J.: 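Have a look at this one.
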Protein chains: 2
Amino acid sequence: MADAEYVNIWMRPERPARGPKPAYSRAQITEAAVRIADAEGLEAATMRRIAAEIGAGAMSLYRYVPSRDNLIELMADRLMGEIDVTGLPSGDWRADLTRYAGELRAMWLRHPWIAAVQRSLPSFGPNQLLLIERLMGVLDPFVPIDENLSLVGLLNSYVEGTVREEISSAREFRLSGLTESEWMARSYPYIDQLVKSGQYPIFTKIVTEARQPHLSRDEQFRYGLRRVLDCIATAVPSTPAGDPRPGTR
Amino acid sequence: MADAEYVNIWMRPERPARGPKPAYSRAQITEAAVRIADAEGLEAATMRRIAAEIGAGAMSLYRYVPSRDNLIELMADRLMGEIDVTGLPSGDWRADLTRYAGELRAMWLRHPWIAAVQRSLPSFGPNQLLLIERLMGVLDPFVPIDENLSLVGLLNSYVEGTVREEISSAREFRLSGLTESEWMARSYPYIDQLVKSGQYPIFTKIVTEARQPHLSRDEQFRYGLRRVLDCIATAVPSTPAGDPRPGTR
DNA sequence: CTCCACTGGGTACGTTGTACGCGGTTATGT
DNA sequence: ACATAACCGCGTACAACGTACCCAGTGGAG
């Protein structure tokens, strides 16, 4: 009942006032959970497994965290902290957003399980909040806040969308225990059957021509990112708002 | 062991040659599962629940589907079938993509649980395949296949990204059993505390100014979509490839 | 020194996906 | 026509999950 009072994990104090010193901490638990999720996926980070990782009993975790879902919120915010936003905004919005996009992508690739966490309402943990401040600060001088949200949303969508695709191939191999070529050999009959049927000319083109990309994933990402930034540029006046804007529309 | 031979759900025949007539079908099972997921979320669509829905025993489902994960693949492809692609490509790529984007978004909103399905390697079910053919056919005459993939990927990212955000708010309410205003009242103290601290000016701006949007979600979507299409337009020559292109680059 | 709010953690419960095996049914080979 | 084997639906059973509840022990506040 006292528990139900805190809807928000971020408002619940980590430790009550009195009593013996706790043996563990939220940060330590979160760290262990992230370590396990990195190595074996989010579903491997069970309460028992996390507890074992830090040498605790399973039920001890509930002294620090109300539920597994809340722990996952903590993990997600911990990840946001990996995105370095020092020096943002720098004044050059394009450079800032390029850096941010690169770091976001790198973070996702380091922690692919982030794709599996269902964000319910945006969970405003400390790292998330700092990120919002710095990131939205980049375009804040140029566009109204709704437009800013919309543009940053577009950028985030692009990064998340592309990296999701990138992740999912790797994920399948990881948990099926197959290498990529083994998987290819296994699923070849199906693809081949589709191609041979002649009913799917464009699908065939994709499989036969685009399967061996002449660009690395990194280059593909940067190429697409430039396009997105160009798109954003059309909505960003070159001088901060408040100045009498030239007819740049 | 015979089971392991089919890596792909789409290659495994629904029914073997001999034996008594099955009482159910994949389609029927998938339909029931979708119905439950629509009403109560994907996690409510357990094997027992689905079986009960069609009046079967839990283990009977495994005569039709090798695992729950595979059933979810079936469900996902079933959803792709809701996207109407008749008459695509029509010749007007902008109209085609606008229509597609609208239908994709509507489908997601009808079946929000789609956000929770982890696509591993793209699962090429029949509906997915048809969609690929028609959708990629829209830009196929204009751009090379890699570029096509990239542009369609951008569009998909935009739709998925925005609709994910839209979904997640509603989801929280659904499963916490709170109305939006109740939730607001509950989480207000935290938001308020952040605002009052004065440390997060931009976050404050978002919460106080942008929380009451002057545009409906639909209008926001269409507005952002136009921007994305403009962005795509810069990469699409106005005449089909093969023609000597004017210096539009 | 006493008290009690707190600690870590063992036990137990309900729910999940699914392996296994049963007795009944039916298309097929003869 | 009939034996056979392949299939059916499904009851039972099990391991793993999140977590409610309880308990003995601990250490700071009075």
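What you are looking at is a predicted structure, and each value in this text was computed from that prediction instead of being measured. The sequence lines fix the lettering, A, B, ..., with proteins before strands; numbering per chain opens at 1.
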J.: For C/dG21, take OP1 and OP2 only and decide whether either is under 4.0 Å from a side-chain N or O of B/Tyr62.
T.: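 Looking at the OP1 and OP2 atoms of C/dG21, neither is under 4.0 Å from any side-chain N or O of B/Tyr62.
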
J.: What is the nucleic acid contact for B/Ala56, judged by heavy atoms within less than 4.0 Å: base, sugar-phosphate only, or nothing?
T.: sugar-phosphate

J.: Check the distance between C/dG17's P and B/Arg48's CZ and give it to me in whole angstrom.
T.: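 The answer, rounded to whole Å, is 7 Å.
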
J.: Using a strict cut-off of less than 4.0 Å between a Lys/Arg side-chain nitrogen and an Asp/Glu carboxylate oxygen, indicate whether A/Glu166 and A/Arg105 qualify as a salt bridge.
T.: yes

J.: Atom OH of B/Tyr64 to atom C1' of D/dC8: distance rounded to whole Å?
T.: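 About 7 Å, once rounded to whole Å.
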
J.: Whole angstroms only, please: what is the CD1-C1' distance between B/Ile50 and C/dT15?
T.: 15 Å

J.: Going by distance alone, is a donor N or O of one side chain under 3.5 Å from an acceptor N or O of the other, for A/Tyr100 and A/Asn156?
T.: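 Yes, because at least one side-chain N or O of A/Tyr100 sits under 3.5 Å from a partner of the opposite role on A/Asn156.
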
J.: Picking from D/dC8, D/dG18, C/dT18, which would you name as closest to the side chain of B/Met47?
T.: C/dT18

J.: Assert yes or no for the condition that the ring centre distance of A/Tyr200 to B/Phe124 is strictly below 6.0 Å.
T.: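 Centroid distance A/Tyr200-B/Phe124: not below 6.0 Å, so no.
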
J.: Figure out the CG/C1' separation between B/Leu42 and C/dT16, and round it to whole Å.
T.: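 The distance from CG of B/Leu42 to C1' of C/dT16 comes to 13 Å, rounded to the nearest Å.
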
J.: Ignoring the backbone of A/Met59, work out which of C/dG17, D/dC21, D/dG18 is nearest its side chain.
T.: D/dC21

J.: Rounded to the Å, how far apart are A/Arg68 CZ and D/dA16 P?
T.: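 In whole Å, D/dA16 P and A/Arg68 CZ are 16 Å from each other.
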
J.: In terms of side-chain geometry, is the basic nitrogen of A/Glu40 or A/Arg49 positioned less than 4.0 Å from the acidic oxygen of its partner?
T.: yes

J.: With a 4.0 Å cut-off on heavy atoms, is B/Thr46 in touch with a base, just the backbone sugar-phosphate, or nothing at all?
T.: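 Sugar-phosphate only.
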
J.: Measure from CZ on A/Arg63 to P on C/dC6 and round the result to the nearest Å.
T.: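 Rounded to the whole Å, the gap is 10 Å.
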
J.: Out of C/dG8, D/dT19, D/dC10, which nucleotide sits closest to the side chain of B/Ser60?
T.: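 Of the options given, the side chain of B/Ser60 lies nearest D/dC10.
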
J.: So which one's nearest nucleotide on DNA chain D is more toward 5', A/Asp69 or B/Gly55?
T.: B/Gly55

J.: What is the distance, rounded to the nearest whole Å, between atom CD1 of A/Ile29 and atom P of C/dG8?
T.: 8 Å

J.: Do B/Glu31 and B/Ile54 touch side chain to side chain, with heavy atoms closer than 4.5 Å?
T.: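 No, side chains not in contact.
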
J.: Using a 4.0 Å heavy-atom cut-off, does A/Ala58 contact any base of the nucleic acid, only the sugar-phosphate backbone, or nothing at all?
T.: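 Nothing: the residue A/Ala58, judged by heavy atoms under 4.0 Å, touches no strand.
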
J.: To the nearest angstrom, how far is B/Tyr24 atom OH from D/dG9 atom P?
T.: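 From B/Tyr24 OH to D/dG9 P: 7 Å.
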
